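One structure is given below, encoded as structure tokens.
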Amino acid sequence: TIDETGLVTKLSPSVSINYSQPRINLALDYTINAVIYDGLEADNYENQNLNFVTKITHLPNRWSSKLFSRVSQANISTDGLQIVNGISESENTSELRTYGLNTNYQGRLGDDIIYKTDLSAGAANYKGQDRKNSYGVNLAVNNKSNNNFTWNSSFSSNISTSSNEIEKNEQIDRIQLEFNYRFNHKYQAFLSADKSSTSNNQLNDTGSTVGILWTPQKNSRIKFGTGIRGDDTSYILDMLLKKRRLQFSMNYFELVTSSQQLTLEQTSDQQTGLVSINQSLSIYPVLIKKGEVKLSAKGRRNELGLSYVQQTTDQKTNNVPKEKSQGLVLSAKHLLSSRSNLTVSLSQSDTETNQKNTVNDLQFGYNKKMSKSTSVTAYLRKTEQTSDIAENEYINNLIGFKFLAVF
């Protein structure tokens, strides 16, 4: 930390179970983490991580369901303090428990109309706090005819409940329409509109966008549009370019959702090494503006990756500041042989709510497969956070060794 140095030892025994059949897939990963401090003024602690997912195919290509449960460590508040390596807890760190199930069905009405339905239910809570429940329905209908004119529509409704007397129950409804006209096999024009209905009237503006879709090749597309949302200008961007071993993508979207839903999505995808400041379970509606750029290149022995993400979370109220975050990740992988490789990743993330924080993270790793059932990993990691709040600053130097055996 900023004023002391010591040794931290982390022991993480874990078990993984995978079961796969034509119509059912089950995956279970469970880990107990024991952290022991030496020379630091901190208490030893234990926590656990669980990821359980079961996927069931009732009717191939038509009806499927998923059941999941997850236990993870997260930041309980949005004061801007990030935990990026999971080995040094703060007062914000708490156990996040999530549960859920969903089922989806798709079919046809006649030859041209395709419909998809999705029903979901879930719950989330931090250890020792009230549980938040959510129930959702999504319906999408579109035509896939050979005519030049096509359309698609969708309706979603999500209800969140809370036993907290301060936070009322919330419902977020959203309807979207899009019309497309194809000039030829490469160019299309589109017109879209969406409307949200929430308890926050500032987020209920109608949005409309007009733009063009260009598909220069089979695996490439560029969709860009601009329009208005209330008194503000809005945009949409969906770009994907592929050429041999190179892939480039760029996306931007705006969506009315809740902090609770964002937290559930972020806990299920933390592979970039960047942890969002927004790990609140508030069910109050917010407007998300998110842009992302990704570039990847693959060779025979080398892989390179670059990604940049920028996100703004806004409740559109004067007494609640916007939550801003951006992150850059650069990664590389070099194959030493068919059984071993070297990896390196460098990331930087900036977050701002009531405070401003910058986290720099550098990792080196060596991975080797010893046999069909065993592998080892050795890694070095350096993490440093700077902040306009002195208590939030820290430096972590980590050396690790992992042995994996599959039975």
Side-chain angles (χ1 to χ4, degrees), residues 74-75 78-88 90 92 222 224 235-243 245-255 259 262-263 265-279 286-299 302-314 321-334 341-365 379-389 392-398 400:
N75 291 335
T78 58
D79 71 346
L81 179 61
Q82 294 179 300
I83 306 301
V84 296
N85 61 20
I87 204 169
S88 294
S90 74
N92 287 358
I222 300 176
F224 175 77
Y235 303 93
I236 182 174
L237 176 63
D238 180 16
M239 177 188 296
L240 177 63
L241 302 176
K242 291 184 178 180
K243 187 174 182 180
R245 299 178 181 271
L246 293 175
Q247 178 171 310
F248 175 78
S249 65
M250 183 182 298
N251 299 277
Y252 175 83
F253 67 90
E254 299 177 5
L255 176 66
S259 297
L262 288 176
T263 297
E265 294 174 358
Q266 291 159 0
T267 55
S268 64
D269 184 16
Q270 293 185 357
Q271 300 177 359
T272 62
L274 300 176
V275 179
S276 172
I277 58 175
N278 183 17
Q279 293 184 311
V286 293
L287 174 64
I288 300 298
K289 297 182 179 181
K290 184 175 182 179
E292 185 174 21
V293 179
K294 289 185 177 181
L295 175 65
S296 64
K298 293 185 178 181
N302 299 293
E303 296 181 14
L304 296 175
L306 176 67
S307 64
Y308 173 77
V309 180
Q310 186 178 72
Q311 178 175 305
T312 300
T313 304
D314 190 4
K322 293 182 181 180
E323 299 175 4
K324 301 178 181 179
S325 63
Q326 59 180 347
L328 177 68
V329 180
L330 176 63
S331 62
K333 181 178 180 180
H334 175 67
N341 62 72
L342 293 174
T343 60
V344 60
S345 68
L346 174 65
S347 66
Q348 182 183 76
S349 60
D350 298 300
T351 59
E352 179 181 354
T353 50
N354 295 319
Q355 300 132 32
K356 296 181 180 180
N357 302 274
T358 298
V359 177
N360 295 292
D361 187 49
L362 176 63
Q363 299 183 62
F364 295 94
Y379 55 93
L380 297 171
R381 187 171 187 178
K382 180 180 178 64
T383 306
E384 180 177 3
Q385 173 165 297
T386 58
S387 174
D388 56 0
I389 304 297
N392 281 3
E393 295 189 340
Y394 65 84
I395 297 175
N396 280 333
N397 298 299
L398 184 68

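Along the sequence shown, residues carry numbers from 1. Both backbone and side-chain heavy atoms feed into the values below; hydrogens, waters and symmetry mates do not. If you're wondering where the values come from, they're calculated on a predicted model, not measured in any experiment.
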Begin with the C-alpha distance, continue with both residues' side-chain angles, and end with the deciding distance and a verdict on salt bridge (Lys or Arg N to Asp or Glu O under 4.0 Å) for Arg381 and Asp361. CA-CA 7 Å; Arg381 187 171 187 178; Asp361 187 49; 2.9 Å; yes
The salt bridge (charged side-chain N to carboxylate O under 4.0 Å, His left out) partners of Glu292 (sequence neighbours excluded) come to Lys294
Ignoring hydrogens and geometry, is there a side-chain-to-backbone donor-acceptor pair from Glu393 to Ser387 under 3.5 Å? yes
State, yes or no, whether a side-chain contact exists between Thr386 and Lys356 at a heavy-atom distance under 4.5 Å. no
Partner of Tyr308 by side-chain contact (heavy atoms from CB on, under 4.5 Å), out of Val329, Leu328, Leu295, Leu330: Leu328
Can you list the steps and then say if Leu398 with Tyr379 is a side chain to side chain contact (heavy atoms under 4.5 Å, CB included)? CA-CA 8 Å; Leu398 184 68; Tyr379 55 93; 4.0 Å; yes
Is Ile395 close to Lys382 at the side-chain level, that is, under 4.5 Å between some pair of heavy atoms? yes
For Glu254, enumerate each residue passing the side-chain contact (heavy atoms from CB on, under 4.5 Å) test, keeping only those at least two apart in sequence or located in another chain. Arg229, Ser234, Tyr252, Lys289
Can you find a heavy atom in the side chain of Thr343 that is under 4.5 Å from one in the side chain of Asn341? yes
Can you list everything that forms a side-chain hydrogen bond (donor to acceptor under 3.5 Å, both in side chains) with Asp388? Sequence neighbours excluded, please. none
Taking the side chain as every heavy atom from C-beta outward, state whether Asp238 and Phe253 have any pair of such atoms under 4.5 Å apart. no
When rounded to the nearest 0.5 Å, the distance separating NZ of Lys298 from CZ of Arg245 is 9.5 Å
Atom pair CD (Gln348) and CD (Glu384), whose distance is rounded to the nearest 0.5 Å: 10.5 Å
Approximate separation, where rounding is to 0.5 Å, of Asp350 CG and Gln326 CD: 5.0 Å
On a heavy-atom basis, the closest approach of Ser325 and Thr351 is CB-CG2, 4.0 Å
If you measure from CG on Leu306 to OG on Ser296, what distance do you get to the nearest 0.5 Å? 10.0 Å
How many angstroms lie between atom CG of Asn360 and atom CG of Leu346, to the nearest 0.5 angstrom? 7.5 Å
Measure the spacing between NE2 of His334 and CG of Asn302 and express it to the nearest 0.5 Å. 5.5 Å
Can you confirm whether Lys243 sits close enough to Phe248 that some side-chain heavy atom of one is under 4.5 Å from a side-chain heavy atom of the other? no
Report yes if the side chains of Leu246 and Leu241 come closer than 4.5 Å at any heavy-atom pair, otherwise no. no
State, without any angle test, whether Gln355 and Asn357 hold a side-chain donor-acceptor pair at a distance under 3.5 Å. no
Side-chain heavy atoms of Val309 within contact of Lys290, under 4.5 Å: yes
